[in-house]
There are 2 protein chains.
Amino acid sequence: MSDKRALLLNSALELFYEKGTGTVGINEIIAHSGVAKKTLYHHFSSKEDLILAALSLRDQRYLQWLRERLADADSNADLVRQLFNALNDWFNDRATELGHFRGCFFINTAGESATRNQLISDRCASHKVAVRRLITDSLPQPNDRLVDALCLLKEGATTSAFVQGDKQAALRCIDIALAFDTPAPFAV
Amino acid sequence: MSDKRALLLNSALELFYEKGTGTVGINEIIAHSGVAKKTLYHHFSSKEDLILAALSLRDQRYLQWLRERLADADSNADLVRQLFNALNDWFNDRATELGHFRGCFFINTAGESATRNQLISDRCASHKVAVRRLITDSLPQPNDRLVDALCLLKEGATTSAFVQGDKQAALRCIDIALAFDTPAPFAV
DNA sequence: GTCATGGTAGACAAATTTGTCTACTCATGT
DNA sequence: ACATGAGTAGACAAATTTGTCTACCATGAC
């Protein structure tokens with residue numbers, strides 16, 4: 001097994017997430033990992049290939065982190081609280097597995113390359129599908145409309161926490177999601 | 001008055017929004033506007049200056065568009081529907097003022113340059129503040145918690161519509177926001 | 001022993017980036 | 001009449017980008 005590949009991939013993900021895939025060059029990645037350029041091109045066929053691998057690694061890590069945080073919810077309301085408490089920890093740098101918070105890597109990367117690179121934007125989209133599936137499977141009582149609401153609020157909170165620096169966004173989502181889970185008695 | 005400046009700024013915004021500020025080069029902008037490079041540097045001191053001007057132009061256009069769409073709401077529920085119907089039109093390319101939908105220019109730009117350039121990320125953040133203020137001022141019955149919810153849902157819908165191509169996201173927000181506006185009768 | 005594999009260091013090619021500069025044109029206000 | 005400012009075309013500088021290539025080294029499989 002080549003540990004250089006893992007080293008490169010870790011450096012790439014770290015730098016890409018911190019500064020954006022467009023800003024970080026191949027030379028910066030090899031300098032950061034202390035590896036020769038030839039070695040990088042031995043393991044990855046191009047920068048695009050490396051970006052795709054970094055997206056996959058992030059996808060895997062993020063899902064694993066969230067899966068642990070959503071385990072064993074007793075009720076839907078419980079899951080709502082677990083979800084947004086987890087996000088709250090992430091936004092406030094209390095989720096070491098995910099690194100220093102700089103928004104959602106997939107949203108950021110999609111924004112950088114959407115029109116240009118279909119492979120990359122597809123991988124960003126499928127990460128979101130995987131997260132949605134995880135939330136769906138974690139709900140004790142199936143409720144697709146609630147899943148819709150949770151996904152929308154999650155994206156909104158992540159974006160607000162990043163762009164506006166609104167680090168409390170996740171906590172405010174809890175009431176909104178719970179209100180939706182409890183239908184109003186009368187039509188408005 | 002120099003119309004070349006306006007020409008350049010329009011081209012820049014169009015290209016930056018379509019492909020991202022990092023991807024689009026100075027040469028592409030002057031080719032697109034049919035203007036000499038010297039002219040660009042006569043009106044803008046650097047590419048960063050041009051990006052900031054493009055952000056301001058987009059901010060102004062977006063606010064004007066949204067202001068018209070939120071005018072004269074009879075009730076808070078009415079405003080909720082107006083807001084998300086407007087977003088729905090945008091996502092589905094029925095808001096010609098805003099160009100072909102490619103997500104939120106400010107989110108995309110913040111993701112590209114956040115760590116690197118404080119001026120740019122500040123301007124992205126202040127756009128969001130301005131939109132929030134517009135929503136606040138458009139609510140017939142003041143309700144800060146509702147404004148919070150609307151802003152979170154708006155960011156979530158915009159992001160989902162872009163990254164996942166979920167063009168119906170705005171419509172699903174209506175029920176969620178209305179449920180929040182109508183408090184549940186019992187605690188959950 | 002030999003040969004494939006994975007690795008290093010770094011020169012190099014080719015393209016592209018931002019920004020400057022020269023030399024020239026055209027209009028306009030005083 | 002003439003200076004000034006806005007404009008053009010495009011050469012140029014300097015840096016940076018991705019990706020290739022040569023030459024060499026070490027290790028383990030057969």
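Labels below follow one simple rule: chain letters A, B, ... track the order of the sequence lines, proteins then strands, and each chain is numbered from 1.
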All pairs passing ring-ring contact (aromatic ring centres under 6.0 Å, His included) where residues 126-146 of chain B contributes a residue, at least two apart: B:Y62-B:H127, B:F106-B:H127
Round to a whole Å and report the spacing from [atom1] of [X] to [atom2] of [N].
X     : N      : atom1 : atom2 : result
B:L40 : D:dA9  : CG    : C1'   : 15 Å
A:L8  : C:dT8  : CG    : C1'   : 13 Å
A:I30 : C:dT8  : CD1   : P     : 10 Å
A:L50 : D:dG19 : CG    : C1'   : 13 Å
A:K4  : C:dT8  : NZ    : C1'   : 9 Å
B:F44 : D:dA6  : CZ    : P     : 14 Å

Who passes side-chain hydrogen bond (donor to acceptor under 3.5 Å, both in side chains) against [X], sequence neighbours left out?
X      : answer
A:R133 : none
A:E48  : A:N117
B:R69  : B:D89

Salt bridge check: are B:R145 and A:D175 linked by an N-O gap of less than 4.0 Å? yes
Does [X] have any side chain to side chain contact (heavy atoms under 4.5 Å, CB included) partners at least two apart in sequence or in another chain, and if so, which?
X      : value
A:A161 : A:F91, A:F101
A:S33  : A:L7, A:L8, A:S11, A:I29, A:V35
A:C151 : A:R132, A:I135, A:V147

Please list, pair by pair, any protein nitrogen or oxygen found under 3.5 Å from a nitrogen or oxygen in nucleotides 14-18 of chain C.
residue, atom, partner, partner atom, Å
C:dT18, OP1, B:K47, NZ, 3.0
C:dT18, OP2, B:I26, N, 2.9

Under 4.0 Å between a side-chain N/O of A:H43 and OP1 or OP2 of C:dG7, yes or no? yes
Are there any protein N/O atoms within less than 3.5 Å of an N/O atom in nucleotides 23-28 of chain D, and if so, which ones and at what distance?
none

